[in-house]
Amino acid sequence: GLHAEYLNQTKLEDGEYYIETDECSNRVLDILSGNNVGTNDYRPNATSQKVILDFDEVNFGTTIRFAGTNKYLTWNKNNGNNVIATEKMTSGDIGEQYWYFVENGNGTYKIVSARQDARFLNLDSNNTNISISDNKNNAKKQTFKLVKANERKSIFNSNVKIVSKLNNNKVLNIHLGGTDGKDLTIWDDAGVSQQRFKFEYDQSKNA
């Protein structure tokens, strides 16, 4: 293997996941332009945002492959702290494609490089770019949530209520008694259809 088993790691079940940033749960790992890896707002059915975890019993580490591709999360060590998506390495410094998940005890994980276990996956200050960094003692920037793909909750394509932060019994309401039946008001939550909404993702506008 790469070296002796990293004892602090948590062996997650193999399978499909989304890797969410602890800073913002709607931001997930994604392949950006030029095969750089960063984060984007979650988009339903975007295969580049879904990853496949595969624990390697020989190397005692986990590979992270982006679903729908043959590309793996890779620390491009020869290019500084860059994290990119590249094809499976079969020779050379293969530790660049192996990772350890270390549970923080609150449902979040640090993602540690198997090549250098004092270096962590890190969300940069712009909340988009992902890099490798030493421990910054910044829990939000260096912790991530692993959500099984078939368990991720989404507001898309479901009827939801839009609740006021000031009063959780007040919701957005279509006032059917208005002149054209489209006036929006805030009203007591009565569980009726004019108080439920459906979010839809527009691929052309990325919104």
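Distance CZ/Phe60 to CZ/Phe55: 6.5 Å, rounded to 0.5 Å. Between Lys140 atom NZ and Glu23 atom CD the span is 7.0 Å, to the nearest 0.5 Å. Interatomic distance, OG of Ser48 versus CG of Asn40, reported as 7.5 Å (0.5 Å rounding). Within the model, atoms OG1 of Thr185 and CG of Asp183 stand 8.0 Å from one another, a figure rounded to the nearest 0.5 Å. Between the CG atom in Asn36 and the OG atom in Ser131 there is a gap of 11.0 Å [rounded to 0.5 Å]. In this structure, Lys50 NZ and Asn150 CG are separated by 9.0 Å, a value rounded to the nearest 0.5 Å.
A donor-acceptor pair under 3.5 Å is formed between the side chain of Asp56 and the backbone N or O of Asn59. Without hydrogens or angle criteria, Asp124 side chain to Asn126 main chain gives no donor-acceptor distance under 3.5 Å. With Arg27 contributing its side chain and Thr39 its backbone, the two residues share a donor-acceptor pair below 3.5 Å. In this structure, the side chain of Gln97 engages the main chain of Glu87 through a donor-acceptor pair within 3.5 Å. One N or O on the side chain of Asn167 and one on the backbone of Asn169 form a donor-acceptor pair closer than 3.5 Å.
Side-chain atoms of Lys161 and Leu172, non-hydrogen and from C-beta on, never get closer than 4.5 Å to each other. Between Glu13 and Lys148, some side-chain heavy-atom pair lies under the 4.5 Å cut-off. Within the 4.5 Å cutoff, the side chain of Thr86 has no heavy atoms near those of the Lys71 side chain. Contact check for His175 versus Leu184: no side-chain heavy atoms found under the 4.5 Å cut-off. Using a 4.5 Å heavy-atom threshold, the side chains of Asn135 and Phe120 count as touching. Taking 4.5 Å as the limit, some side-chain heavy atom of Asn173 sits within range of a side-chain heavy atom of Gln194. Inter-residue side-chain proximity for Phe197 and Ile162 is flagged as met; some heavy-atom pair is nearer than 4.5 Å.
Here Arg196 pairs with Asp189 in a salt bridge; the nearest charged N to carboxylate O distance falls below 4.0 Å. With salt bridges taken as basic N to acidic carboxylate O contacts below 4.0 Å, one links Lys170 and Asp188.
For the pair Gly107 and Lys145, the tightest heavy-atom approach, listed with the atom from each and the gap, is O-CG, 4.2 Å. For the residue pair Asp30 and Arg43, the shortest heavy atom distance occurs at OD2-NH1, 3.3 Å. The minimum heavy-atom distance between Gln49 and Asp41, with the atom names listed, is NE2-O, 3.0 Å. When all heavy atoms are compared, the tightest approach of Arg119 to Asp134 is NE-N, 3.5 Å. Here the closest heavy-atom approach between residue Glu96 and residue Lys77 is recorded as OE2-CB, 3.1 Å. Closest approach of Gly95 and Ala114 over heavy atoms only: O-CB, 4.1 Å.
For Asn106, the CG atom sits in a packed shell: over 12 heavy atoms of surrounding residues, nucleotides or ligands are nearer than 6.0 Å.
Partners of Glu103 according to the salt bridge (charged side-chain N to carboxylate O under 4.0 Å, His left out) rule, which considers only residues two or more places apart in sequence or in another chain, do not exist here.
Placement of Val160 and Val171 in two distinct hydrophobic clusters is found when ILVMFWY residues are connected by side-chain heavy-atom separations under 4.5 Å, directly or transitively.
Counting Ile, Leu, Val, Met, Phe, Trp and Tyr side chains that sit under 4.5 Å apart, directly or through other members, Tyr72 stands alone, with no cluster partners. When hydrophobic side chains of Ile, Leu, Val, Met, Phe, Trp and Tyr are connected at separations under 4.5 Å, Phe66 ends up clustered with Leu12, Tyr17, Ile19, Leu29, Ile31, Val37, Val51, Leu53, Ile64, Leu73, Trp75, Val83, Trp99, Phe101, Tyr109, Ile111, Leu121, Leu123, Ile130, Ile132, Phe144, Leu146.
With Lys141 as reference, Asn127 is the one residue of Asp22, Asn127, Asn122 to meet the side chain to side chain donor-acceptor pair (under 3.5 Å) rule. Of the candidates Asn70, Thr74, Thr63, Ile94, Thr63 is the only one forming a side chain to side chain contact (heavy atoms under 4.5 Å, CB included) with Lys88.
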